[in-house]
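Below is one structure; the comments refer to it alone.
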Amino acid sequence: MSEPMRAPKGTFDTLPPDSAQFLAVRDTLTAPLRRAGYGYIETPTFEDTAVFSRGVGESTDVVSKEMYTFTDRGGRSITLRPEFTAGVMRAFVEHRLYAGALPVKLWTAGSAFRYERPQAGRYRHFTQVSVEAIGVDDPALDAEVVALAAQGFRDLGLRDFELLLTSLGDATCRPQYRELLVDFLAKLDLDEDTRRRAEINPLRVLDDKRPEVQAQLDDAPLMVDHLSDSTKAHYDAVREHLTDLGVTWTEAPRLVRGLDYYTKTTFEFVHSGLGSQSAIGGGGRYDGLSAALGGPDLSGIGYAVGVDRTLLAVQAEGLDIATSAGVQAFVVPLGAEAKRLAVKLVGQLREAGVSADTVYGDRGLKGAMKAADRSGASHAVVLGDRDLAEGVAQLRDLRSHEQVAVPLGELFERVRATVGA
RNA sequence: GUGGGUGUAGCUCAGCUGGUAGAGCGCCAGGUUGUGAUCCUGGAUGUCGCGGGUUCAAGUCCCGUCACUCACCCCA
């Protein structure tokens, strides 16, 4: 036998029974969106590279060194999506959704890809739920979006998460603030890499985890202290709405996100159970994205939640979210004639909406009963030669161990009535 | 891209100063061709990550390499 193939570095398979938890997390995170009138959008897993380089920003790590970019057979530069917002905005612009009623409220879920060094909670292939509300710059919409994310986490039963909130300002105030910050950073004792980062994206330096850097940042100017009147009013209104919605948060004036398009309201949900990673979701408002992709100058707000990371958080809190899968009824045949009947019965039950299964391959009664036990079924139907000769089957309650003979003519209805929902 | 840790059965791991490969769980079968989750008995699965070196002898020591993993960085 040759070497077995392995999943590529930084990727993983989600297998039963864990996969049931994955589905539960994904569905729980999206349920509040569906209730809030968000429509589902599906966009390609890959886009023209320019969608991300223009949308996300050339200076970001995501674009500059983490994208899966390749030239396709037609000579086009193609990139596997490293996030969802740019692709959704591309579709929004391409299909002129802005010509209809605003805001356009959308959600999607699926795979995203970044070429990173993998570690706990960080993979090259990961799954996100992504949400956008585009076309209206209303603080109430910011609050709605944040609240919907929080609702998803709460619905999962998560307790140890925190909402970090700030405002990154906009074109009316961020350029001036940026100059202040650049001047401040220029006076610090920083290493080469950090100094370069201070020039490309000075805000990101505020987020540096190293104590020797943080120690120098105590007196750094903060965006929230230099907001223009309009962005300050916007941020105040967002906070009022969040309070009304019962969402609690922590002011995080040094919060910086990795994508360039964020303006005004910016937030991140963090959880401590993810090893070195902390963000389970994050997002914010983006003013320039639509225009950068050739659309009208419209603002939007959105967020992305990491499904895999949220699952890690769920597991870290020891939450039992996946109601066990398995079937309701399990049919145990003995002998060829019974086997044929079993296959037919299982088919009928499934058609009637009752989940059912039977054994395949040659298994003795003991092995078949063991399989019945493992299947999660509440009841087993035992079909043996002796029963068939008498025109009956044994319907066994696997929990109480009670067993009754049921005439074959009534079997289907009886099983359905006994285990059916 | 930089650093640390770990590679032994399907899984979790033990294996001392080198001396013929182990346990638990799981799986399969038997005890009972008519009954599972308990109990008893038996069985299968390993080029001990890979390559080289030292040695009479290497899972064990040395070198290299690959993989996984954690952390830096960055982020979901």
Side-chain angles (χ1 to χ4, degrees), chain A residues 1 3-4 6-12 15 25 29 56 60-66 81-85 109-130 149 191 193-194 197 201 204-205 207-210 213 255-259 268-271 274-283 303-313 330 332-335 338 359 361-390 393-403 405:
Chain A
M1 209 159 69
E3 276 284 294
R6 323 176 59 114
K9 188 182 185 75
T11 70
F12 58 92
L15 310 171
V25 168
L29 289 173
V56 176
T60 62
D61 279 23
V62 167
V63 169
S64 63
K65 53 190 190 193
E66 295 178 358
R81 60 187 175 203
E83 57 102 50
F84 284 74
T85 301
S111 299
F113 309 86
R114 291 182 199 172
Y115 189 84
E116 299 193 80
R117 194 75 180 265
Q119 61 185 273
R122 192 177 78 181
Y123 314 105
R124 291 182 176 183
H125 166 256
F126 54 100
T127 306
Q128 288 189 337
V129 168
S130 190
D191 62 273
D193 278 355
T194 310
R197 192 148 19 110
N201 193 339
R204 187 139 344 133
V205 178
D207 212 20
D208 200 305
K209 283 182 202 160
R210 292 170 296 181
V213 176
L255 177 66
V256 179
R257 311 224 64 246
L259 313 178
E268 196 164 287
F269 288 88
V270 295
H271 193 279
L274 308 179
S276 173
Q277 320 304 318
S278 59
I280 54 176
Y303 67 84
V305 171
V307 178
D308 326 277
R309 283 192 183 177
T310 302
L311 177 54
L312 288 175
F330 198 92
V332 174
L334 292 171
V359 284
D362 293 325
R363 300 277 292 246
L365 178 63
K366 182 169 176 160
M369 286 304 295
K370 198 165 181 174
D373 186 48
R374 265 197 300 253
S375 76
S378 62
H379 291 75
V381 176
V382 180
L383 292 168
D385 296 335
R386 194 192 301 165
D387 302 305
L388 294 184
E390 295 172 18
Q394 303 295 331
L395 180 57
R396 182 178 179 86
D397 185 321
L398 290 171
R399 309 220 166 92
S400 70
H401 306 197
E402 284 165 22
Q403 184 167 313

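No hydrogens, no waters, no symmetry mates; every other heavy atom, side chains included, goes into these values. Here is how names work: the chains are called A, B, and so on, in the same order as the sequence lines, proteins then strands, and each is numbered from 1.
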Separation of B:A71 atom P from A:Arg122 atom CZ, nearest Å, is 9 Å

Give a yes or no on whether a donor-acceptor pair under 3.5 Å exists between the nucleobase atoms of B:C74, that is its base, and the side chain of A:Arg114. no

Does the base of B:G34 carry an N or O that pairs as donor and acceptor with the side chain of A:Asp385 under 3.5 Å? no

With heavy atoms under 4.0 Å as the rule, sort A:Tyr123 into base, sugar-phosphate or nothing. base

Using Watson-Crick geometry (N1-N3 plus N6-O4 or O6-N4) or G-U wobble (N1-O2, O6-N3), each under 3.5 Å, B:C39 is paired with B:G31

Under a 3.5 Å cut-off for both contacts, is B:C73 paired Watson-Crick or G-U wobble with anything, and if yes, with which nucleotide? none

Taking for each residue the nucleotide of RNA chain B with the nearest heavy atom, is it A:Thr127 or A:Leu383 whose nucleotide lies nearer the 5' end? A:Leu383

Examine the base of B:C74 for any acceptor or donor lying under 3.5 Å from a partner atom in the side chain of A:Arg257, and report the outcome as yes or no. no

Give one of base, sugar-phosphate or nothing for A:Ala372, where a contact means two heavy atoms less than 4.0 Å apart. nothing

Return the pairing partner of B:G22 with a 3.5 Å limit on both distances, Watson-Crick or G-U wobble; otherwise return none. B:C13

Whole-Å distance between B:G1 P and A:Tyr115 OH? 6 Å

B:A71 phosphate, OP1 or OP2, under 4.0 Å from A:Gln119 side-chain N/O: yes

Tell me: NZ of A:Lys370 to C1' of B:G26, nearest whole Å? 9 Å

Can you tell me the Watson-Crick or wobble partner of B:G5, both distances under 3.5 angstrom? B:C68

What is the distance from CG of A:Asp387 to P of B:G34, rounded to the nearest Å? 11 Å

Checking contacts here: which listed nucleotide (B:A76, B:U35, B:G36) is nearest the side-chain heavy atoms of A:Val382? B:U35

Rounded distance in Å - NE2 (A:His125) to C1' (B:A76): 12 Å

Whole angstrom is fine here: how far is it from CZ in A:Arg396 over to P in B:G34? 15 Å

Could you measure between the two P atoms, the one in B:C48 and the one in B:U33, and give it in whole Å? 41 Å

Looking at every strand, decide which applies to A:Gly281 at a 4.0 Å heavy-atom threshold: base, sugar-phosphate, or nothing. sugar-phosphate

Test item: A:Val332 and A:Arg363 side chains (from C-beta on) under 4.5 Å apart, heavy atoms: no

Here the distance between atom P of B:C70 and atom CD of A:Glu116, to the nearest Å, is 14 Å

Would you mind classifying the nucleic acid contact of A:Lys65 as base, sugar-phosphate or nothing, using non-hydrogen atoms under 4.0 angstrom? nothing

Contact class for A:Gly121 (heavy atom, under 4.0 Å): base, sugar-phosphate, or nothing? base

Under a 4.5 Å cut-off applied to non-hydrogen side-chain atoms, are A:Arg309 and A:Arg122 in contact? yes

B:C73 C1' sits how many Å from A:Glu66 CD, rounded? 9 Å

Which base, if any, makes a Watson-Crick or G-U wobble pair with B:G51, both distances under 3.5 Å? B:C63

Along RNA chain B (nearest heavy atom to each residue), the more 5'-positioned of A:Gly367 and A:Gly384: A:Gly367

